[in-house]
Amino acid sequence: MRFLRLKLPTWAWLTLIAAVPRFLRLGAEAFWYDEAFTAYVSRLDLPNMLGAIQGDVHPPLFYLLQWLNVRLLGADEFALRLPSAILGVISVLLVWRVALELGLARGTALTAALMAAFLPAALYYSQEARMYTMLACFVLGMLWAALRGNWIAFALCAILTFNTQNLGIFYVLSIGGAAFLWHRTRHVLVMGAVVALAYLPNAALVLEQARDVANGFWIQPLSVGGFFEPFLSMTMGWRVGEALRMHVYGAAAGATIIGLLVWRNRRQWLLYAAIFGAPLLVAVVSVLWRPIYLPRAFLPSTLMLCILWAGMLPSLGSVARRVAYSILVPALVIGAVAHYFPAMRRDDPREWLQPAFAAWQEGDVIYYTAIHSAILQQHYADGRPYRLRPGVSDLNQTLTEETKAHMGFQEAYLWDLAGQGFNRAWVSAYINPMSRADEVAFVETLRYAPPTRLIAERGNEFAYTVMFLVQLRW
Amino acid sequence: MVVYPNYTRWLEVLRAYETGLLSVVLIAATFAAVLWASRSFGVRTRRLVDLLVLVVFWLSAALMVVANL
């Protein structure tokens, strides 16, 4: 590429182009629950962190990276999201390399990489302190290695994949299976055996974690419409307003369908397995066993979908190609802009806690009625004392007792707080569709308790947060 | 005993959303099929159909934006 009078190689331009939207406002948004969970466990000492994540739903690799990161750079938004941003840039470069490896023309490979660079869902996960861009990098690395027949790199990427996210094993199975069928060499079998051996220690833990996930409200039994969700929301994101969201999703669906029609005779089985294999396998397991179909785990698939989209464009007639560009490019732009200016802004815990901080007095305490709130809001409480109602659930009903023990929550009943020396409690209550009846009752009772004052309330009929000020002593 | 008071209603809303997604996929498939089938048409018809797809797509998007104002 030679523009702006800078003679840089293509990979350097792509790095710059992918880095700009990923570092733009990287630390601006407050954490949401999952990110705050990353921050919470990464600040624990190593034995407690490993103990805590054993009872969670993800393998340790990403948390180990963040554990180191927190000690080097701190636990603020920018620092914790930095690994995802860097890995997001690398994933764009890998899309480019994979497209070239598939034999696409240089311009087409570049188009695929540019689509990946501005893919709204990829931007979102490049700015989230979670493991999904890391997963994408290892899956893309696995595909690149399989295309080149580099089985040592393949095995290494496969092991890293299932140590990053539990559903990564389905990418290993689909790409590994396709690689075996395509290459049919002894090397693939040997490396497959090495990967299988490496996976054995994970297997029991994964089954235990999968059982916990299946009890949560965030993964429901799979429906036909739900199956397609990753190919829509994990491409164009979900921050576009309702007015345009379905059109933007329609652009992604249309490009995918035409892509499938164009690519049907190209016999790129490894690419097809990499894009569609894992979602199909996870869908089958969700129907036959337990619901584990988690759309965000399919970010690697949707990044590779950019190759399918870019690869179909040269095969269209000149007018149809212009039509496809005129639909797909604006849709990507709308999705990317909506990433920075979302139709529905994420709740900011700093704003939520502001009334408490503004009127804070010596002897005050924050009292949480859900683990979710304790993890998220306490991150922004600047070391103010807090207590958590004992025995309450978390947002997703996924944290085991073992995890909770390692996380070391400070639990106390509301009526015991006066005995602990506190005068007033700022009760931050959170209710969601899976809150227990006793949890709902506790919050509703506070509305009518005489020493309680309602400070703020927001939400809808399914999930709402309420803040009360409770006078504990006079 | 564990009771989730809002769960059933919430699940209904989720299912309605997923049905909406399925509709999007089916409509997109229709548009894609039209674009694809237009390859076998004559040059002028093909151009007309391709442009019609573009116009219908963005016109309906504009109408949705106006309707949501």
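Chain naming here is simple, since letters A, B, ... match the order of the sequence lines and numbering starts at 1 in each. Given the structure is predicted, the values throughout are model-derived calculations rather than measurements.
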Examine whether an atom of [X] lies under 4.5 Å from a heavy atom of chain B, and if so say whether it belongs to the side chain, the backbone or both; otherwise answer neither.
X	answer
Phe228(A)	side chain
Ala251(A)	both
Arg245(A)	side chain

Minimum heavy-atom separation for [X] to [Y], with atom names?
X	Y	value
Ala28(B)	Ala253(A)	CB-CB, 3.6 Å
Phe57(B)	His247(A)	CZ-O, 3.1 Å
Leu22(B)	Gly225(A)	CB-CA, 3.9 Å

- request: State whether the number of non-hydrogen atoms from other residues, nucleotides or ligands found under 6.0 Å of Glu242(A) atom CD is greater than 12.
  value: no

- prompt: In this structure, are over 12 heavy atoms from other groups packed under 6.0 Å from Arg264(A) atom CZ?
  reply: yes

To the nearest 0.5 Å, tell me how far [X] [atom1] sits from [Y] [atom2].
X	Y	atom1	atom2	value
Trp36(B)	Leu260(A)	CH2	CG	10.5 Å
Ser223(A)	Tyr17(B)	OG	OH	11.5 Å
Leu261(A)	Arg39(B)	CG	CZ	8.5 Å
Asp50(B)	Arg321(A)	CG	CZ	11.5 Å
Trp58(B)	Ile327(A)	CH2	CD1	7.5 Å
Met64(B)	Met246(A)	CE	CE	8.0 Å

Trace of the side-chain contact (heavy atoms from CB on, under 4.5 Å) decision for Thr256(A) with Val25(B): CA-CA 10 Å; Thr256(A) 304; Val25(B) 172; over 6 Å; no

Under 4.5 Å heavy-atom distance to chain A, tell me which part of [X] shows up: side chain, backbone, both or neither.
X	answer
Leu11(B)	side chain
Phe31(B)	neither
Arg46(B)	neither
Ile27(B)	neither
Val49(B)	neither
Ser60(B)	both

query: Top residue by heavy-atom pair count (under 4.5 Å) with chain A, among Ala61(B), Ala32(B), Ala67(B)?
result: Ala61(B)

- request: Specify which of Ile431(A), Leu316(A), Ile258(A) makes the most heavy-atom pairs with chain B at under 4.5 Å.
  value: Ile258(A)

